[in-house]
2 protein chains.
Amino acid sequence: MVFNTNRVKRIITMTSKKESTQSTEERLCPMPQIAKLIGGKWKLVVLQILIFHGTHRFNELRRKIEGITQAMLTNQLRALEEDGLISRKIYAEVPPRVEYSATQKAMDLNEMFEEMHRWWVKYEG
Amino acid sequence: MVFNTNRVKRIITMTSKKESTQSTEERLCPMPQIAKLIGGKWKLVVLQILIFHGTHRFNELRRKIEGITQAMLTNQLRALEEDGLISRKIYAEVPPRVEYSATQKAMDLNEMFEEMHRWWVKYEG
DNA sequence: CAGAATCCTGTGCGATACTG
DNA sequence: CAGTATCGCACAGGATTCTG
């Protein structure tokens, strides 16, 4: 083991409220549920942009995310909004303007993104 | 912005090798590719177990991961092995024994898991 | 501009049965 | 014990068209 064993133990302890009947899947933080929040092909991309590059309009996102269709972007934005990860602000203008931005809940994912990024640079960059 | 802006700037700088033609998706670390490595319904679950709970045999994993089928577990383990995230050690015994463990590459994801876990506890725990 | 509404397709995922 | 081998479906993901 190269990583800090104490930190690992602490995490395992934190997560094991009941010792006996629960599966490992439950005692650790439940990845399937996390996958629902940030899984899929686009959610991490959208979050990354909104977290690190600030508020964007719909078509700004669309242009920045190569390969995504309008429908998919709409879907992902709706899902993210439902999960409280992004906020949607509509301006009563003509032409209509809608701005998307990361909520605090999403902002707090930035540390995770940083770790993910360091890891990526180390092994795939 | 609540989070540390300097760190954010540093990350953006780190990732932008070419400024001009590349999409944001490419200038930041490419989430679609990361999703290929650790995405899907089971990979994070398997990795979490192997990283934080050490080496496991096939059926040990199977028992710990509620709801997974043999076929799926095999698939995910093969994929993870191909990506260099887990190692597979076969013992020439009867009955056969195969042990799976996290590689260093996977071990280095533990910080990301920790951040993910802190976030989960804060918002969903 | 920012979508809604359709329709369509690939494949992620799973159930089941069989094997060295 | 630790797998393969099939089969099949639901659903994520996508192309296209229409609208306030």
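Quick note: numbers below take in every heavy atom, side chains included, and nothing from hydrogens, waters or symmetry partners. All chains are named by letter (A, B, ...) in the order of the sequence lines, taking the proteins before the strands, and each is independently numbered beginning at 1. Fair warning: this is a prediction, and the values are worked out from it, not measured in the lab.
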Side-chain donor/acceptor pairs under 3.5 Å, residues 83-103 of chain B, sequence neighbours excluded:
from: B:Ser87; atom 1: OG; to: B:Ser101; atom 2: OG; distance (Å): 3.1
from: B:Arg88; atom 1: NE; to: B:Tyr100; atom 2: OH; distance (Å): 3.1
from: B:Tyr91; atom 1: OH; to: B:Glu99; atom 2: OE1; distance (Å): 3.1
from: B:Glu93; atom 1: OE1; to: B:Arg97; atom 2: NE; distance (Å): 3.3
from: B:Glu93; atom 1: OE2; to: B:Arg97; atom 2: NH2; distance (Å): 3.0
from: B:Arg97; atom 1: NH1; to: B:Glu99; atom 2: OE2; distance (Å): 2.8
from: B:Thr103; atom 1: OG1; to: B:Gly84; atom 2: O; distance (Å): 2.7
from: B:Thr103; atom 1: OG1; to: B:Leu85; atom 2: O; distance (Å): 3.1
from: B:Thr103; atom 1: OG1; to: B:Lys105; atom 2: N; distance (Å): 3.4
from: B:Thr103; atom 1: OG1; to: B:Ala106; atom 2: N; distance (Å): 3.3

Might you point out which heavy atoms bring [X] and [Y] nearest each other, and give the distance in Å?
X: A:Thr55; Y: A:Glu60; value: O-OE1, 4.3 Å
X: B:Leu44; Y: B:Ile38; value: CG-O, 3.4 Å
X: A:Gln70; Y: A:Phe58; value: O-CZ, 3.9 Å
X: A:Asp108; Y: B:Lys122; value: OD2-NZ, 2.7 Å

With rounding to the nearest 0.5 angstrom, report the [atom1] to [atom2] distance, [X] to [Y].
X: B:His56; Y: B:Lys64; atom1: NE2; atom2: NZ; result: 3.0 Å
X: A:Gln33; Y: B:Glu124; atom1: CD; atom2: CD; result: 7.5 Å
X: B:Ile34; Y: A:Trp119; atom1: CD1; atom2: CH2; result: 6.5 Å
X: B:Leu109; Y: B:Glu115; atom1: CG; atom2: CD; result: 12.5 Å
X: B:Trp42; Y: B:Leu77; atom1: CH2; atom2: CG; result: 12.5 Å

**Q.** Pair A:Arg118 + A:Glu114: basic N to acidic O under 4.0 Å
**A.**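 Salt bridge flag = yes for A:Glu114 with A:Arg118.
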Distances for protein N or O near nucleotides 10-14 of chain D N or O, under 3.5 Å:
from: D:dG13; atom 1: OP1; to: A:Lys41; atom 2: N; distance (Å): 3.0
from: D:dG14; atom 1: OP1; to: A:Lys41; atom 2: NZ; distance (Å): 2.7
from: D:dG14; atom 1: OP2; to: A:Trp42; atom 2: NE1; distance (Å): 2.9

Q | Donor-acceptor under 3.5 Å (A:Lys43 side chain, A:Lys36 main chain) | A |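 Yes: the side chain of A:Lys43 pairs with the backbone of A:Lys36.
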Expressed in angstrom and rounded to an integer, what is the separation of [X] atom [atom1] from [N] atom [atom2]?
X: B:Lys89; N: D:dG3; atom1: NZ; atom2: P; value: 15 Å
X: B:Leu73; N: D:dG3; atom1: CG; atom2: P; value: 8 Å
X: B:Tyr100; N: D:dA2; atom1: OH; atom2: P; value: 8 Å

Q. At under 4.0 Å between heavy atoms, what does A:Thr74 touch on the DNA or RNA strands: base, sugar-phosphate, or nothing?
A.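 If one applies the 4.0 Å heavy-atom cut-off, A:Thr74 turns out to touch the sugar-phosphate alone, with no base involved.
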Q.
Quick check on contacts: within residues 79-86 of chain B, what sits under 4.0 Å from DNA chain C by heavy-atom distance?
A. none
Q.
Under the rule for ring pair (Phe, Tyr, Trp, His ring centres under 6.0 Å), what residues qualify as partners of B:Trp120, not counting sequence neighbours?
A.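 Partners of B:Trp120 by the ring pair (Phe, Tyr, Trp, His ring centres under 6.0 Å) criterion come out as none, since no residue qualifies.
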Q | Residue whose nearest DNA chain C nucleotide is more 5′ - A:Arg78 or A:Pro96 | A | A:Pro96
Q.
Report for the helix from C:dC1-D:dG20 to C:dG20-D:dC1: angle between first-end and last-end helix axes, five pairs each, rounded to 10 degrees.
A.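 Its terminal axes enclose an angle near 50°.
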(Q) So, OP1 or OP2 of D:dA2: does either fall under 4.0 Å of a side-chain N or O from B:Arg57? (A) yes
Q. Which two nucleotides bound the region of DNA chain C that has atoms under 4.0 Å from heavy atoms of chain A, read 5' to 3'?
A.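 Extent of the interface on DNA chain C: C:dC1 to C:dA5.
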